[in-house]
2 protein chains.
Amino acid sequence: MNSKNDRQTTQQERIDSLLSDQGINLTRQRRVIADTLFARNQHLTADQLFEMVKQAGARVSKATVYNTLGLFVKKGLVREIFIDANRTFYDSNTSHHHHFYNVDTGDLIDIKERLAPHFVNHELPAGTAMDVVDLVIRVRNSHP
Amino acid sequence: MNSKNDRQTTQQERIDSLLSDQGINLTRQRRVIADTLFARNQHLTADQLFEMVKQAGARVSKATVYNTLGLFVKKGLVREIFIDANRTFYDSNTSHHHHFYNVDTGDLIDIKERLAPHFVNHELPAGTAMDVVDLVIRVRNSHP
DNA sequence: AACCAATTTATAACTATTCTAAACACCTAC
DNA sequence: GTAGGTGTTTAGAATAGTTATAAATTGGTT
């Protein structure tokens, strides 16, 4: 009706085609998960995303959050960032970039500058192809 | 007695001073764990190390393996490599280097070439100091 | 020998993730 | 419309890795 609702619709359509372009069937759950995750560039754990989806009033199980994130990763729509044994983040920004991780605060921050391409193309092990370059620079607070 | 035992003793002394230089009290368990881990440059999970120590005939609990690895990490004697939510490796080589990880085979391989220092020193977040640079290039088999 | 702090131990607890099998939703054919 | 089939979701159980707990052990010091 008004311009706000028009934007809403457009955003929904944008997300729908994002999924269907990858051959992903549209379901209520996948839509609300995608809506939440792709609302902005962000780093979320599966549990954080699960809570956000609940806050938004949607009834989605945690198993579906995991299933859907796994599907989105496979389709290249999100990127997994493994920080440690009990911290996996899902990054809604799949463009080639890196991260700072503050071990004191738990903050994960984007690095815009890219790693020199010559380095990342340097002599892969025989019989392998590049999948993804994961660069995490761990920092700590200078004055703890 | 013979040259083999001389080397053995020397190796034990080398490891003892490695630990005591860091203010680590020497115990039977810490010695056998260090012996196993520092025998060569290698990437081991806590569980693999636990099994190796058992194979060596030593009675060490898994909790001690975790405690000791945590202590060694804190003292800078080993480096943790977080591959995914259920794969943490401990690298007996703490020199500045990076890794290839083959997602198909699970192999973790050293990269000798270093990341250009200018990049890793580039604009840390305010109030933070560098801890460690973790670069993992994930590859997959070209012909699966 | 007695004491004290540090360490180790078995086991329980915890967390993140994956698995399982049943229920559900949606599409197509009849 | 209803039956059947495929894909999806679900709750809950199961698993794996790791951390916490509290008692027992060790090693060094008076």
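Chain naming here is simple, since letters A, B, ... match the order of the sequence lines and numbering starts at 1 in each. Treat the numbers as computed from the prediction; the structure is a model and nothing was measured.
Rounded to whole Å, atom P of dA6(C) lies 18 Å from atom CG of Leu19(B). At whole-Å resolution of the value, CG in Leu71(A) and C1' in dT9(D) are 13 Å apart. When rounded to the nearest whole Å, the span between CG of Leu26(B) and C1' of dA5(C) equals 17 Å. Arg30(B) places its CZ atom 15 Å from the P atom of dT26(D), with the value rounded to the nearest Å. Between the NZ atom of Lys74(A) and the P atom of dT18(C) there is a distance of 13 Å, rounded to whole Å. Rounded to an integer number of Å, the gap from Asp84(A) CG to dA16(C) P is 10 Å. Here the C1' atom of nucleotide dT9(D) and the CD1 atom of Ile24(A) are 16 Å apart, to the nearest Å. The CZ-C1' distance, from Phe50(A) to dA11(D), rounds to 11 Å in whole Å.
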Start with the C-alpha distance between Asp110(A) and His43(A), add both sets of side-chain angles, then the distance that settles side chain to side chain donor-acceptor pair (under 3.5 Å), and finish with yes or no.
CA-CA 9 Å; Asp110(A) 283 348; His43(A) 312 119; 2.9 Å; yes
Step by step, work out the side chain to side chain donor-acceptor pair (under 3.5 Å) result for Asp47(B) and Thr45(B).
CA-CA 5 Å; Asp47(B) 200 65; Thr45(B) 64; 5.6 Å; no
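As judged by a 4.0 angstrom heavy-atom cut-off over every strand, Thr64(A) is placed among the base-contacting residues.
Side-chain N/O atoms of Gln29(B) include one lying less than 4.0 angstrom from OP1 or OP2 on dT9(C). The side chain of Arg28(A) contributes no N or O atom lying less than 4.0 Å from OP1 or OP2 of dT8(D). Between Thr27(A) and dT9(D) there is a side-chain N or O to OP1 or OP2 distance below 4.0 Å. Taking only side-chain nitrogens and oxygens, Asn67(B) never comes nearer than 4.0 Å to OP1 or OP2 of dT7(C).
A 4.5 Å side-chain heavy-atom check between Phe89(B) and Ile83(B) finds at least one atom pair inside the cut-off. Annotation: side chain of Arg59(A) is not in contact with side chain of Val53(A) (no heavy-atom distance under 4.5 Å).
Placement of Leu77(B) and Leu37(B) within a single hydrophobic cluster is found when ILVMFWY residues are connected by side-chain heavy-atom separations under 4.5 Å, directly or transitively.
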Polar pairs (N or O, both sides) under 3.5 Å between protein and nucleotides 17-20 of chain D?
unit_1, atom_1, unit_2, atom_2, d
dT18(D), OP1, Thr88(B), OG1, 2.8
dT18(D), OP2, Tyr66(B), OH, 2.7

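To the nearest 0.5 Å, atoms CZ (Arg79(B)) and NE2 (His96(B)) are separated by 7.0 Å.
Contacts between residues 51-61 of chain B and DNA chain C, defined by a heavy-atom separation under 4.0 Å, are made by Arg59(B), Val60(B), Ser61(B).
Side chains of Ser17(A) and Ser20(A): no donor on one and acceptor on the other come within 3.5 Å. For the residue pair Asp134(B)/His98(B), the side-chain donor-acceptor check at 3.5 Å is not satisfied.
When Val73(B), Ile81(B), Val65(B) are each tested for a side chain to side chain contact (heavy atoms under 4.5 Å, CB included) with Tyr90(B), only one passes: Val73(B).
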